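Only a predicted model underlies this, so the values are computations on that prediction, with no experimental measurement involved. Each chain gets a letter, A, B and so on, in the order the sequences are listed, and its residues count up from 1.
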Amino acid sequence: MPDADRSRIPPGQYATSDFPVLSAGPTPRTSLGSWTFSVDGEVDEPLEWDWTGFQALSSELITVDIHCVTKWSKLDTRWRGVSLDTVLEGVDTAAEYAVASSDGGYTTNLPLDDLLGGKAWIAFEFDNAPLAPEHGGPARLLVPHLYFWKSAKWVRRLTLRIDDEPGFWETYGYHNYGDPWQEQRYAGD
Amino acid sequence: MARAAVRGRLNWQVGTVVDLIDESTHVRSVVLDLPDWPGHRAGQHVDVRLTAEDGYQAQRSYSLASSPEDGQVVLTVEVLDDGEVSPYLAGELQVGDQLELRGPIGGYFVWTADLGGPLQLFAGGSGVVPFRAMLRHRAAANGGVPVRLLYSARRLEDVIYRDELGRLAANGETDIRFTLTREWPDPWGGYRRRVDREMVEQVAWSPEDRPLVYVCGPTGFVETVADAMVELGHDQAAIRTERFGPSGG
Amino acid sequence: MTTTAVDGNAAAGALFEAYGREMTLVVATCTACGQAGPLAETVAYLQAPGVVLRCRRCDAVLIVVVAHQGGTVAHESSVRLPGGDV
């Protein structure tokens, strides 16, 4: 790999051209007709969109590198999604943390700051096609600057919180924050 | 609640490939020499770990195809499109190469001659691998238990161990039947469809015979057979299952 | 159910590393729905940052095995294992 590309691979990672499917449970099959996405918790009023409403929000095409804690990295992945800046526009909150919840019960937590400032999206297309269920479709959270377990597949809800609450892998010994460039894989790293 | 690791006896050991046997166009058996092999029971498996030149590691489980009496460790590997480990083992691996593996592991999907029978085996695709070990063990133990094997494959070319199964079937008290699910030769005396309850009923002993039942293959195959056997009145506790994904294990 | 799930047999190595002994014959009870059976018969998800064993009846997470440089740890969730000793 040329040196220019190597600088895009965090420590301990290996570049892949595949897109491995990793899952902690069965693949949910949620119809677009029943899909909703909501923001609740430390907000004046919970927000909710159905699929049509969500598609009406302005979305963008982005190209990002993604890094899985199981050591594969995939460069230049292309997605379409709604920025969390758009989703949370106008939301007044004292919350410093967020928990993303998904169909099937998966959760992950992160500081609210890591969702804002152009760093996170609710993504519903990959490579110019609707996001496949095994990769998190209809929509997943996409937070490329953290290990990819933070990019919750099948995301349905974002709960804003005053205090932090560890999600699924965080509870089972993975790092609470998960910065691939600091190689924060496990708690205590 | 978390439990800390306790030192068990399951260590990674290095084995050397001493022979490679083409079982079919997509399947190859790998014969290994392992100096510290502790012996095993038919039905157990090993975890194989590959480390690439750049340090990337991949790991996969394989059933042991050899019987305890064979004195060699044999794995049978199917090439799979999406596999990380299997294409290497079934394709590029050469005699003299080394592999890291740990095992034998697995205490559930095991048959030893002292368990008796009759034996009822259902194999879906590469699910037949642990049954080769069981049948060889049975022959070596002069086991007189009657055995019935139903082996499902896509085409006749995908059936592995054909000659060996033929020899075993010729030797009394061993009933081996095939079902081909995609294509079959003409003439063909076996079944011509995916396993279903009717087929299971035709090949199975009755519950009164109290067979020891082992089902191994892709998840869908295993669930169909296991459900059918329970519906036919067999004791759930007498049915042992081993499922692998469509990737073949 | 996803077809990529396998059963607890495939987790035998990871479970051995975590518990220090063969675990696939151990009868586990799901505390979410009461289903009981050998760990070999649970649904195992291996392609993940850890090995996840789920109840075959209700999908509840039973055991999560995570391996890292310090060792391999089994986290028990909605499961009751016999004995309580190792």
Under 6.0 Å from the [atom1] atom of [X], do we count more than 12 heavy atoms belonging to anything else shown?
X: R80(C); atom1: CZ; answer: no
X: R194(B); atom1: CZ; answer: no
X: H68(C); atom1: NE2; answer: yes
X: R193(B); atom1: CZ; answer: yes
X: Q57(B); atom1: CD; answer: yes

Open item on the list: Here's a test for you: under side-chain contact (heavy atoms from CB on, under 4.5 Å), which of N9(C), V26(C), L39(C) qualifies with Y108(B)?
Closed with: N9(C)
For a quick test of reading the model, state the closest non-hydrogen atom pair linking [X] to [Y] and the distance between them.
X: V6(C); Y: F244(B); answer: CG1-CA, 3.5 Å
X: T241(B); Y: D7(C); answer: O-OD2, 3.5 Å
X: G13(C); Y: D47(B); answer: CA-OD2, 3.6 Å
X: A12(C); Y: H45(B); answer: CB-CE1, 3.9 Å

Task: Segment of E223(B) engaging chain C (4.5 angstrom heavy-atom cut-off) - done: side chain
Task: Distance in Å, L25(C) CG paired with R240(B) CZ, rounded so as to fall on 0.5 Å steps - done: 5.5 Å
- [ ] Measure the CD-CD distance between E41(C) and Q236(B) for me, rounded to the nearest 0.5 Å.
- [x] 6.5 Å
- [ ] Considering only heavy atoms and a distance below 4.5 Å, find which of V66(C), T24(C), V64(C), I63(C) pairs most often with chain B.
- [x] T24(C)
Open item on the list: Looking at chain C, which one of A237(B), G220(B), G106(B), G103(B) has the largest number of heavy-atom pairs inside 4.5 Å, strictly under?
Closed with: G106(B)
